[in-house]
Trainee: 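Okay, handing you the structure first.
Just so we're on the same page: letters track the sequence lines, and every chain starts at 1.
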Amino acid sequence: MSEVKSKSREHWFGIRKDLAPGRRTLLTVCSFGIPLLVWVTVSYVPFIWHPDIKLEISADRDGVTTVFTAGDRVSKEFFPTFVEAVRQENRKVLDARVKNNPHFVSRRENIKRLRHLAPLGVANGWLKNNERQNDEKIFNLWKQLAEGELASRAISLSQENLEIIEENWILLSKASPTFNLKLYPTEALLKLIPQGISSNPVYLPAPHEVINAGWLDFNTVPENGMPTMWERYRHSLNIIFWGFAYSCLLGIPLAILCGSFDFFSKLHEPFVDFFRYMPAPTFSVLFVAFLGTADAPKIMLVFVGTFFQLVLVIANTTRLLENSLIEAAQTLGAKRRQLLGRIILPGILPNLYNDLRILLGWAWTWLVIAELIGEKTGLTGFIDTQGTRYNFDRVFPVIILIGLTGFFTDRLLNWLRYLFFPWTEEVRQAPKGLLTRLLLSSTDRTTYFK
Amino acid sequence: MKIQSIFLPFFLSLLSLYFFSCGGTPPEATETEEAEEEVAATESEPTEPETESEPESEPEATPEPETESTPLKIAYSDWPGWVAWEIGIQKNWFEEAGVDVEFLWFDYVASMDAYVAGQVDAVCMTNGDALVTGATGKPSVGIIVNDYSNGNDMVVAKPGIDSVADLKGKTVGVEEGFVCHLLLLKALEENNMSADDITVVNTPTDETPQVLASGSVDAIAAWQPNSGQALKSLPGSKPIFTSADAPGIIYDLLCVSSESLEANKEDWAKVVAVWYKIVDYLMDEANMDDALKILSARVSLEPAEYEPFFKGTKILTLEEALKFWAKGDGLDSVYGSTDIVDDFNVKFEVYEEPLDTGKYLDPSLTKAYAETSK
């Protein structure tokens, strides 16, 4: 009994011992689950952090350059100041009204004050996201809220704001009981008092915010002919592909030559080694100068970023090939070309393939810099534009997409090793699932299905 | 063994795919030329030609000498007065005017780099940056004054610093040699201080909000949306000096290369006409919502989010523009402002020799348009 127990303990923490497949899967799930759990906990459990207020209803202040819109975060210390400033302005409007000397503003100013209710309409599903400027619907919203036909569930309106809604509606309905933008009053309407919920800083949006923003961005087709997110994604993939393809095309042959012949090694490697320390982005202006502003300089940057590493890594891999194989072939009378084509190339392929997998990851790193050279395009163009405006809830879905793309490409390439290199020790010893066996049987039935 | 023998041709055909489908290799070919030749020698095995059908998806961007048929390439970036061009683009006003233009969306600094590299015919920049770009790269001619910055460019200081005078001995994050550096120097001058009174930390403009919030500098100088972001991300911080305090120090222009202007004068005249169509459209308050929708869509924002940025920019009508085009010494003339900026740049060693600022400005197309539209 105790033997079984100690055996199972060995299984969890055995030095250089493989875990059972079930436990491996469990741990893999955990490796994603734990960070997610931390994110969810910090986002949804109050009192852990939540130093800010996320505005659900905002207001513009007179004579202040900083404008907060719904969705913006303000710190908890600042929020009362903000609210008090708006209250103060409302008080002035009311005082003036009482003194029979009401304030007048432009019609557009009033329209804007009314539109501050739009986020509430969207949150309750009364307005579609693209109807934030639909003044007729917003007019009806004020009406229905004032007359008690609607009650906001998603955002609970404060008593103060309910009174403001009624107060404004009196003024609005007096001007015209049905919607007519031209008959809107010019007497100053009251501003809604900002309301918000406690939240984390803008750089750590909650999971549901990220999912919502991502869903919206990836499903909206911009009206002005700008690329959709999927088109941006394709554009980025295109740049990665060509940058990396050029790297492989020129790098692999050169590297194999360097690894095989001391002549090429000494002729090229010192320079390559020197060049790889020069940061690729510093050449960006140069690339734009001779390659234009479209995709060419971006592809070039990915190329320069990966090529030099690739040459050195693969040259080294080539050198690691067992010398005995080459000697054996030479004994059998192989010529130089046969040695390269029949011994060295097949011999290093499995390792070369693994090297390329790692280098592909590098290519993604360079992409992010490359897409800002020349014209801003692709996923990074979007990340940059939204990032400077602190819309991180819209940035994260894109970053996650890049991460997932990299991860799944790597998994796929890893799995394809079974097909490409079934003779390697690593593959032969690895446990194979049904799908892998099926795949392998397509090339060599006898070996895998007895 | 069997698979091994299948795999080698497969891999080589994959290589050949790369060879065939990427006919025009970038200039790095020279460096690895001999290697390529060697490869060709080692892989003499037959390759499968079906891979040739791979479509060429890499757009070849070869700059060509200007001819009648190529569109005018204009680089623009994220500034309300320039994003306004988007109205003309979306409403097809350029086609209606019979001028072939291509607007390319850039990061501001990258747009000037592209102009210096000769990849575009014109670039949207401030009069100050036009001088710096001219002195260090390639001169240009400003043919349109789009707007002047009316508060969008700011020096934002952390809580506790209430005026420019308080900056003495403090560190300020600003992108050196660019328009906000100029604003900062102007702020110092107006308060009888010199550049030596502060320590400048060279900071890319789009990183200024983070740098200010991190507390590693006491103030920053930036334009929208970065300046607004800085104010939001550090509560209690305030603008201690803005372009509204020195209106006319920053004019935003369309700067054209002199070769293109000479070769395509008529086309540029049409561009001027389209610009004033855009301005007329913007001046009608009834169009504001539609305009904001177009502008905000360019940067994937909600119109309401974009409106604040638009406020700090004073778009100039034709009459106003003509007034500012008049020669004068003060900031209320583009010429005067550019001279002042030139003096500043020399004084603060942005470049060494004063420039012939008159050559950087050409109001003739705007004036000609004013004549015809009367």
Trainee: At a 4.5 Å cut-off on heavy atoms, which part of B:Ser233 comes close to chain A: side chain, backbone, both, or neither?
Mentor: side chain
Trainee: In chain order, what residues pass the side chain to side chain contact (heavy atoms under 4.5 Å, CB included) check against B:Asp245, with sequence neighbours excluded?
Mentor: B:Phe241, B:Thr242
Trainee: Under 4.0 Å between a Lys/Arg side-chain N and an Asp/Glu carboxylate O for A:Arg115 and B:Asp289?
Mentor: yes
Trainee: Counting heavy-atom pairs under 4.5 Å to chain A, which of B:Lys232, B:Gln90, B:Glu207 comes out on top?
Mentor: B:Lys232
Trainee: Sort A:Tyr203 into side chain, backbone, both or neither according to what part of it lies under 4.5 angstrom from a heavy atom of chain B.
Mentor: neither
Trainee: With a 4.5 angstrom heavy-atom cut-off, which part of A:Arg394 approaches chain B: side chain, backbone, both or neither?
Mentor: side chain
Trainee: Measure across B:Ala110 and A:Gly374 and return the closest heavy-atom pair with its distance rounded to 0.1 Å.
Mentor: CB-O, 4.3 Å
Trainee: Is it the backbone or the side chain of A:Glu375 that comes under 4.5 Å from a heavy atom of chain B, or both, or neither?
Mentor: both
Trainee: Above 12 or not: heavy atoms from other molecules or residues under 6.0 Å from CZ of A:Arg336?
Mentor: no
Trainee: What's the shortest heavy-atom distance between A:Val288 and B:Ala114, and which atoms?
Mentor: CG1-CA, 4.0 Å
Trainee: How far does CZ of B:Phe106 sit from CG of A:Leu372, to the nearest 0.5 angstrom?
Mentor: 12.0 Å
Trainee: Checking A:Thr385 against chain B: side chain, backbone, both or neither under 4.5 Å from a heavy atom?
Mentor: side chain
Trainee: Measure distances from A:Asp217 to the heavy atoms of chain B and classify the residue's part below 4.5 Å as side chain, backbone, both or neither.
Mentor: neither
Trainee: Between A:Asp384 and B:Asp206, is a side chain to side chain contact (heavy atoms under 4.5 Å, CB included) present by the stated rule, with each step listed?
Mentor: CA-CA 9 Å; A:Asp384 191 63; B:Asp206 56 359; 4.2 Å; yes
Trainee: Against chain B, label A:Tyr390 side chain, backbone, both or neither, depending on which of its atoms sit under 4.5 Å from a heavy atom there.
Mentor: both
Trainee: Any residues in residues 290-301 of chain B near chain A, with a heavy-atom distance under 4.5 Å, and which are they?
Mentor: B:Leu292, B:Lys293, B:Ala297, B:Arg298, B:Val299, B:Ser300, B:Leu301
Trainee: Give, for atom CG of B:Leu231 and atom CZ of A:Phe68, the distance between the pair rounded to the nearest 0.5 Å.
Mentor: 8.0 Å
Trainee: Look at B:Val116, B:Asp78, B:Ile89 and state which one has the largest set of heavy-atom pairs under 4.5 Å with chain A.
Mentor: B:Asp78
Trainee: Which bit of A:Glu77 comes within less than 4.5 Å of chain B, counting heavy atoms only: side chain, backbone, both or neither?
Mentor: neither
Trainee: Minimum heavy-atom separation for A:Ser106 to B:Glu285, with atom names?
Mentor: OG-OE2, 4.5 Å
Trainee: Under 4.5 Å from any heavy atom of chain A, what part of B:Tyr306 do you find: side chain, backbone, both or neither?
Mentor: side chain
Trainee: Heavy-atom cut-off 4.5 Å, strictly under: side chain, backbone, both or neither for A:Asp72 against chain B?
Mentor: side chain
